[in-house]
Every structure is written in structure tokens, then in C-alpha cells.
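Chain letters run A, B, ... following the sequence lines, proteins first, then strands; residues in each count from 1. Quick caveat: nothing in here was measured; it's all calculated off a predicted structure.
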There are 2 protein chains.
Amino acid sequence: MKKKLSKKEAILESATQLFSQKGYRTTSMSEVAREAGVADGTIFYHFKTKEELFLAVLENFKNELIAEFSTYLDGREFQTGLEKIEDLLSFYISLVNRLEDRFLLLHRHFPYTLAKNNPACKSHLEEIYDSLITVFEQGIVQGQADGSIDDLPARTMAMIIFTLVDGMVRLYSYHIYQNGPHYNDLIASCRRMLKK
Amino acid sequence: MKKKLSKKEAILESATQLFSQKGYRTTSMSEVAREAGVADGTIFYHFKTKEELFLAVLENFKNELIAEFSTYLDGREFQTGLEKIEDLLSFYISLVNRLEDRFLLLHRHFPYTLAKNNPACKSHLEEIYDSLITVFEQGIVQGQADGSIDDLPARTMAMIIFTLVDGMVRLYSYHIYQNGPHYNDLIASCRRMLKK
DNA sequence: TTTTTAACTGAGTAGTCAGTCAGTCTCTAT
DNA sequence: ATAGAGACTGACTGACTACTCAGTTAAAAA
């Protein structure tokens with residue numbers, strides 16, 4: 001059973017790496033096959049088209065992401081909602097570093113183009129963004145209950161904060177601006193934004 | 001003289017539209033030629049390679065952007081530095097809307113990939129980001145002088161604020177989250193971040 | 001053992017695309 | 001008028017790529 005899935009899994013892993021690092025258009029199916037140690041035809045046995053392979057990669061990444069956050073939050077207690085937000089910011093930054101080889105998937109434009117005429121792709125992306133923003137939102141709601149965070153529209157503020165961290169890590173990944181050491185200022189800025 | 005440049009300009013304009021809307025890889029040179037009303041070979045007469053055409057497009061956009069900001073700021077007076085920042089945020093948002101057909105250029109991943117082994121591309125991008133961030137930085141410095149903005153690292157805060165607006169307009173352009181109406185909250189958040 | 005089914009293979013196909021080139025057109029200078 | 005230069009053309013080429021398919025191998029069922 002494990003062996004049976006193993007080639008399919010190898011394909012999925014190679015495709016994830018390559019689509020993320022090199023991009024969808026510039027990665028050929030032969031390249032994925034070579035990287036996975038598999039014949040060209042084998043890919044098409046498991047995934048009908050390149051697009052379908054991409055969707056499988058995206059879905060897989062979505063599940064990984066959601067699992068990462070749920071294990072991080074599982075059983076963890078925070079003094080205040082504000083502290084939770086600050087921790088989440090650090091966690092997100094470290095997560096992007098750790099999963100650098102697949103996070104680029106979300107920072108490329110292709111998935112959003114595909115989402116326009118592929119409902120499955122759109123819903124994967126929506127689930128990803130929704131779950132990430134919801135995590136931040138819950139921190140804000142908690143902070144508003146314990147008095148550490150001001151009375152602001154929670155969902156919107158969650159989106160703003162998420163957009164900010166994500167924008168920072170993306171800008172960093174461009175290597176145009178070296179803004180790694182500015183994460184402390186980023187977290188401080190979010191604190192000022194939210195504090196009562 | 002004008003007529004002499006006209007086909008080259010038509011090519012540049014079509015390439016800008018197509019590279020922005022469809023992306024570099026998915027746009028063929030024949031497509032650009034057709035759109036510009038020109039024979040395939042004509043493009044290669046003016047631009048040796050596709051990459052060179054892209055660089056010309058990027059440089060052109062860089063100049064447009066810088067010109068837009070300098071005419072916006074030219075002779076405009078702001079009561080306080082904080083007001084200047086708020087105005088700049090609104091201006092940036094309206095600019096992205098107005099130049100929607102070319103702003104996507106910067107929101108795609110290709111230029112940053114190219115920048116890795118093409119110094120000209122890298123320096124165009126650096127100039128773009130540098131000039132945008134510098135505009136915000138000057139507002140912050142002014143605000144710190146007139147007492148409307150707190151004593152924070154100006155350059156870093158400028159980068160944070162720029163990253164935030166740019167991230168918001170980008171997320172909006174993905175059509176995953178409809179966050180157009182949240183621009184007021186965005187501006188309010190920046191105010192809280194900066195205010196003394 | 002034999003049969004059946006699923007997994008896998010890689011050479012082949014049809015299509016696309018960046019870039020070339022031999023030649024035509026247009027305009028200017030003489 | 002004519003020569004010459006620069007602008008322009010589009011058919012062509014070679015390289016690449018997503019996908020197919022006829023056939024092989026491996027594994028499970030009978």
C-alpha cells in the first residue's frame with residue numbers, strides 16, 4: 001500500500017519543489033519525471049494533465065499549511081490576545097523560512113490566474129487565505145475580550161496584518177531589498193496598530 | 001522623426017499590456033506583433049531578444065511611475081507629515097487602479113526571477129522600490145519634524161507602510177478576497193502605527 | 001500455475017515559439 | 001533620377017513540450 005503510492009508521492013513532491021522554485025510554465029513534465037525518478041508516461045497515468053498535477057500540489061500544500069498552524073496552536077496558551085498575534089507573526093515568518101521551497105507557490109502569479117477559470121483552484125486559495133486570516137482574527141477577538149487589543153473590526157485588521165507579514169516575507173524573497181532584520185519593527189508596528 | 005519611432009513605440013505599448021495582463025512566458029512574440037500591427041520580424045529588428053523587449057518595457061514603466069509621483073508631489077503642500085502619508089496612500093491606491101494594465105508587471109514573479117542573473121533588471125527594480133519607499137520616507141521625516149509622527153526608524157517604517165499598501169492592492173487584484181472597501185481601515189491602521 | 005488487473009514505460013506526435021534571413025519597401029542625399 | 005541606408009516583412013528553422021499509446025512488468029486473484 002505504501003509502495004503503491006510511493007511513485008505518485010515522489011511525483012507530487014518533485015512537482016511541488018519545481019513548480020515552486022522554477023514556476024509552472026518553466027517546469028516541463030519531463031523535468032518533473034526525471035526529478036522523481038519516473039518515466040514521463042507515469043506522471044500522466046497518475047495525473048491526467050499538467051494542470052491537474054498542479055491542483056494536486058496546491059491541495060497538498062493547503063493541507064500542510066493548515067496542519068502546521070493547528071499543531072502550532074494546539075494546546076498553546078497565550079497571556080493576552082496581543083501576545084498571541086505577536087507569536088503568530090514570528091511563527092509565520094519562521095514557517096515561510098522553513099517551507100521556503102514550497103511557499104513560493106503562493107507568491108507566484110500563476111495560481112491566481114488559474115483560479116479565474118478553475119473553481120477548484122479558486123477554492124483551494126480561498127481556503128488557504130481564509131484559514132490564515134481566521135487564525136489572526138481569533139487572536140484579535142481574544143485580545144479585545146482581555147483588553148489588550150482596541151475595538152477595531154477584527155476580520156479586517158486580521159487581513160491587514162496578514163497582508164503585511166506576507167508582503168514583508170515576499171519582498172524579502174525578491175532579494176531586491178534586504179529587509180530580514182526589520183521583522184522586529186514589523187511586529188512592533190502591528191502592536192501599535194492594535195494596542196488599546 | 002515621430003513616425004520613425006511609431007512602430008517601435010507600438011511594440012513597446014503592446015508588449016507592456018500583454019506582459020502585464022498575460023505574463024511574460026504566456027505571451028508570444030507573434031502575439032505582440034499582431035497586437036502592435038507589425039510583422040514578427042520587426043520586433044527583432046528593434047529588440048534583439050524577448051528578454052531585451054521585457055527590459056525596455058520595465059524601464060519604460062519605471063520612468064512612468066517616477067514621473068507620476070513627481071507630478072503628484074510637485075508643488076503640493078501638506079499640513080503635516082502624517083497627512084502627507086495618508087494622501088500618498090490614497091494616491092498609490094488610485095494610481096494602481098488607473099494603471100491597472102501595467103501594474104501587474106510588478107506583481108508577477110518573472111521580473112524578480114530575471115533580476116537574479118540580469119543586473120539591468122535588478123537595478124530597474126531597485127530603482128522602482130527605492131523611489132517609492134523614499135517618497136514615504138520623506139513624509140515620515142517631515143512628520144517627525146512637525147511632531148505629527150512618532151520617533152521611529154523612518155526608512156524601515158516607510159518600507160513597512162509601502163509593503164502594506166502594495167500587499168493590499170495585490171491581494172485585491174487576486175480576486176480571492178474582496179478587500180476594496182477596506183482601504184479606509186488600512187489608512188487608519190497606518191495612522192495608528194505612526195502617530196505620536 | 002494461470003489469469004486478470006493495475007502500474008509503469010518511453011518512443012512518437014502534433015503543436016508552439018523564439019529567433020533568422022534573404023529580400024522588399026521607403027526615404028533621404030546627392 | 002539614382003544610389004544607398006535604414007526600416008520592415010514573413011516564411012522558415014530548430015528546439016522544446018504536453019500528451020498519447022502500444023506494449024511490458026509486477027502483483028493480486030482465481
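- Of the charged side-chain nitrogens involved, at least one lies within less than 4.0 Å of a carboxylate oxygen, so that B/Arg155 and B/Asp130 count as a salt-bridged pair.
- Counting heavy atoms from C-beta on, the side chains of A/Ile133 and A/Ile161 never come closer than 4.5 Å.
- Put simply, CG on B/Leu53 is 15 Å from C1' on C/dC17, counting in whole angstrom units.
- Considering B/Lys50, B/Arg102, B/Arg108 in turn, B/Lys50 is the only one that fulfils the side-chain contact (heavy atoms from CB on, under 4.5 Å) rule with B/Phe19.
- Relative to the side chain of A/Thr42, the nucleotides C/dC8, C/dG10, D/dT9 differ in distance, and C/dC8 lies closest.
- For the atom pair CG (B/Leu58) and CG (B/Leu53), the distance works out to 11.5 Å, reported to the nearest 0.5 Å.
- Nucleotide C/dC8 holds its C1' atom 14 Å from the CZ atom of A/Phe47, rounded to whole Å.
- Figure legend: B/Arg76 and B/Tyr72 shown as a cation-pi pair, the cationic atom lying under 6.0 angstrom from the six-membered ring centre and within 45 degrees of its axis.
- Remark: B/Arg192 engages A/Asp150 in a salt bridge, criterion side-chain N to carboxylate O under 4.0 Å.
- Side-chain N/O atoms of B/Lys8 include none lying less than 4.0 angstrom from OP1 or OP2 on D/dC8.
- Listed candidates were C/dC8, C/dT9, D/dT9. Nearest to the side chain of A/His46 is C/dC8.
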| task | Would you give a per-nucleotide map of nucleotides 14-20 of chain D, 5' to 3', where B means the base has a protein non-hydrogen atom under 4.0 Å away, S means only the sugar-phosphate does, and - means neither? | result | ---SSBB
